[in-house]
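The next block holds one structure in the form of structure tokens; read it before the comments.
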Amino acid sequence: MRQSHKTLYAALTLGAALSIGSYANAQAPSNELLIGGLVPITGAGSPYGGNMLKAMEIAVEEVNQAGGMAGRSLRLISEDSQTQPQAAVLAAKKLIEINHVQAILGTWASGVTLAVLPLTDAANIIEMNVSGAPAISELDKKDLVWRYQATNDRFGRAFAEIAEKNGYKRPATMAFNNASGRGNTDGFIKAWKEKGGEVLANVVYEPNRSSYRSELQQVLATNPDVIVMGSYLPDTTIILREWFQSGAENAWIIPGWAANPELVQALGEAATEGIISVDTVSNTNADSYKDLSERYRKATNSELADNVYAAMTYDMVISLALAAQKAGPDATPQQISDQIRAVSNPEGTKVYSFAEGKALLDQGQDIDYEGASSRLNFDEYGDSNPDFGVYVIKKGQFDRVDTVSLD
């Protein structure tokens with residue numbers, strides 16, 4: 001599976017290199033750093049994309065009001081990924097070739113990020129995402145790719161911890177046939193087997209089907225006590241409707257982007273009662289989160305806690321800007337990227353805003369930006385390490401019952 005990702009990536013990289021060229025051939029004015037917001041305004045990610053972009057806008061305004069970074073201001077140009085790899089490639093080509101952005105931020109679905117990576121790699125610009133596929137880490141050869149979401153493998157490990165805590169013994173899995181869906185369930189299966197357990201069934205299903213009754217019956221025939229999903233909202237809605245009609249009584253563990261309030265609205269309280277929804281949780285005790293939460297509420301008339309990806313895209317802009325401040329005037333994307341760990345990992349004074357970090361950097365001090373989304377302690381692959389919130393749906397409401405932290 002991973003080899004196929006590498007083969008696709010190599011082919012796309014060759015095409016991207018031929019059509020784009022390098023960043024050095026199309027630099028932006030030295031007093032401006034252009035960034036592209038490539039978020040899912042439409043498609044499966046549409047419940048999150050609009051406010052992911054709004055959080056970026058809040059961060060850009062914060063940076064510019066503080067005087068910008070190293071003599072440069074920030075400018076954000078946005079495009080809709082449509083949660084589709086083909087559409088995202090076209091949008092990314094526009095951002096790179098026409099707008100000459102130095103970074104693309106906010107890609108959501110793993111398939112989108114994997115499709116865009118060859119373009120950003122060929123152009124030698126920064127890519128920041130909230131995608132989970134492990135292949136993203138493997139394909140970053142230039143240290144220009146930064147992940148603010150947990151990997152699918154880590155989601156799978158969290159699912160296994162939750163299943164064990166709840167006393168389940170006979171799990172089965174169902175996965176949407178793409179990098180993210182399979183990554184979630186593959187991570188669970190690996191972690192569950194390491195615990196000495198057995199997975200009764202592992203069914204991968206195709207997208208855009210009107211019914212998944214046959215795949216569901218294949219799983220239910222093994223009599224699981226819990227079904228662990230790697231899925232999205234549209235397919236989860238169909239599967240759970242057919243499950244509820246079947247009268248089966250197993251439990252469910254589902255990623256939060258699929259088991260969300262829209263799922264309850266579509267199916268009703270009875271069909272969703274007791275479902276365990278799992279998603280990464282923001283760094284709610286940090287001053288960065290508290291400050292963003294107020295500004296976000298005023299800008300969107302909604303709560304930051306309802307869109308974990310918004311805190312992530314805000315952090316993308318702030319950590320990028322702090323890295324640009326440390327890299328100095330006219331720094332290239334590679335030089336900026338080389339400073340992201342230096343401003344985000346725990347070796348300096350903790351800061352919670354761009355202005356606070358900029359002031360200490362100007363004094364020659366080391367800083368550790370504590371993000372609104374997580375502590376942002378990036379590993380050698382550029383992956384962050386957020387915690388997981390465990391929610392149980394009770395009478396249509398999401399009750400947070402636990403937090404899972406993975407080393």
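Residue indices begin at 1 and follow the sequence shown. Reckoned from all heavy atoms, side chains included, excluding hydrogens, waters and symmetry mates.
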ask   = Going through the distances and angles, do Phe378 and Leu376 end up as a side chain to side chain contact (heavy atoms under 4.5 Å, CB included)?
value = CA-CA 6 Å; Phe378 295 105; Leu376 298 181; 4.0 Å; yes
message = Counting C-beta onward and ignoring hydrogens, is there a side-chain heavy-atom pair between Leu144 and Asp121 closer than 4.5 Å?
response = no
message = Do Tyr391 and Ile393 have side chains that approach each other closer than 4.5 Å (heavy atoms only, starting at C-beta)?
response = no
ask   = With no hydrogens and no angle check, do the side chains of Ser131 and Thr113 hold a donor and an acceptor under 3.5 Å apart?
value = yes
task = Decide whether Glu127 and Asn129 meet the rule of one side-chain donor and one side-chain acceptor closer than 3.5 Å.
result = yes
query = Ignoring hydrogens and geometry, is there a side-chain-to-backbone donor-acceptor pair from Asn184 to Gly156 under 3.5 Å?
reply = no
inquiry  = Are the side chains of Met229 and Pro255 in contact, using a 4.5 Å heavy-atom criterion?
reply    = yes
remark   = Tightest non-hydrogen contact, residues Trp146 and Ser337, listed as NE1-OG, 2.9 Å
message = Under 3.5 Å, is there a donor on one side chain and an acceptor on the other for Asp330 and Gln335?
response = no
key: SB check Glu79 Lys93 (cutoff 4.0 Å)   = no
ask   = Under the salt bridge (Lys or Arg N to Asp or Glu O under 4.0 Å) criterion, do Glu269 and Lys395 qualify, and how do the steps go?
value = CA-CA 5 Å; Glu269 294 182 9; Lys395 297 182 179 179; over 6 Å; no
key: Ion pair check, Lys54 and Glu57, cut-off under 4.0 Å   = yes
task = Report yes if the side chains of Thr349 and Asp366 come closer than 4.5 Å at any heavy-atom pair, otherwise no.
result = no
Audit row: Trp252, Thr272, side chain to side chain contact (heavy atoms under 4.5 Å, CB included) steps and yes/no = CA-CA 9 Å; Trp252 293 88; Thr272 55; over 6 Å; no
Test side chain to side chain donor-acceptor pair (under 3.5 Å) applied to Thr300 and Ser302, step by step = CA-CA 5 Å; Thr300 68; Ser302 58; 2.7 Å; yes
inquiry  = Before you tell me yes or no, could you show the steps for Asp80 and Thr42 under side chain to side chain donor-acceptor pair (under 3.5 Å), namely the whole-Å CA-CA distance, both residues' side-chain angles and the distance that decides it to 0.1 Å?
reply    = CA-CA 7 Å; Asp80 179 11; Thr42 57; 2.7 Å; yes
query = Are side-chain heavy atoms of Asn385 and Arg154 found at a separation under 4.5 Å?
reply = yes
request  = Let me see the working for Arg147 and Asp379 under salt bridge (Lys or Arg N to Asp or Glu O under 4.0 Å), right down to the final yes or no.
outcome  = CA-CA 10 Å; Arg147 189 201 311 258; Asp379 65 15; over 6 Å; no
message = Salt bridge or not between Arg295 and Asp291? Use side-chain N to carboxylate O under 4.0 Å.
response = yes
ask   = Quick check: does any side chain N or O of Asn283 sit under 3.5 Å from a backbone N or O of Gly371, one acting as donor and the other as acceptor?
value = yes
task = Taking the side chain as every heavy atom from C-beta outward, state whether Val278 and Ile253 have any pair of such atoms under 4.5 Å apart.
result = yes
message = Could you check, using the six-membered ring where one of them is a Trp, whether Tyr309 and Tyr314 have ring centers closer than 6.0 angstrom?
response = no
ask   = Do Tyr48 and Asn260 have side chains that get closer than 4.5 Å, going by heavy atoms?
value = yes
inquiry  = Any heavy-atom pair between the side chains of Ser373 and Tyr289 that's under 4.5 Å?
reply    = no
query = Can Met69 and Leu74 be said to form a side chain to side chain contact (heavy atoms under 4.5 Å, CB included), step by step?
reply = CA-CA 8 Å; Met69 58 283 161; Leu74 269 182; 3.7 Å; yes
inquiry  = Assess the residue pair Glu206 and Phe176 against the criterion (side chain to side chain contact (heavy atoms under 4.5 Å, CB included)); give the C-alpha distance rounded to whole Å, side-chain angles, the decisive distance to 0.1 Å, and a yes or no.
reply    = CA-CA 6 Å; Glu206 298 303 319; Phe176 188 99; over 6 Å; no
ask   = Is there a salt bridge (Lys or Arg N to Asp or Glu O under 4.0 Å) between Lys394 and Glu273 once you walk through the steps?
value = CA-CA 5 Å; Lys394 298 178 180 178; Glu273 184 71 13; over 6 Å; no
ask   = Stepwise, does the salt bridge (Lys or Arg N to Asp or Glu O under 4.0 Å) test hold for Glu32 with Arg75?
value = CA-CA 7 Å; Glu32 193 171 53; Arg75 181 152 66 94; 3.0 Å; yes
key: Trace of the side chain to side chain donor-acceptor pair (under 3.5 Å) decision for Tyr381 with Thr151   = CA-CA 11 Å; Tyr381 301 107; Thr151 64; over 6 Å; no
key: Smallest separation among heavy atoms of Thr280 and Pro386, with atom names   = CG2-CG, 3.6 Å
inquiry  = Quick check on side chain to side chain donor-acceptor pair (under 3.5 Å): which of Asn152, Asn177, Asn202 does Arg182 satisfy it with?
reply    = Asn177
ask   = Hey, are Lys165 and Asp402 close enough for a salt bridge, meaning a charged N less than 4.0 Å from a carboxylate O?
value = yes
task = With side chain to side chain donor-acceptor pair (under 3.5 Å) as the test, would you mind laying out the steps for Ser353 and Glu62 before giving the verdict?
result = CA-CA 9 Å; Ser353 69; Glu62 176 183 333; 4.7 Å; no
task = May I ask you to check whether Phe388 and Phe155 place their ring centres under 6.0 Å from each other?
result = yes
ask   = Aromatic rings Tyr232 and Trp257: how do their planes relate, parallel, tilted or perpendicular, breaks at 30° and 60°?
value = tilted
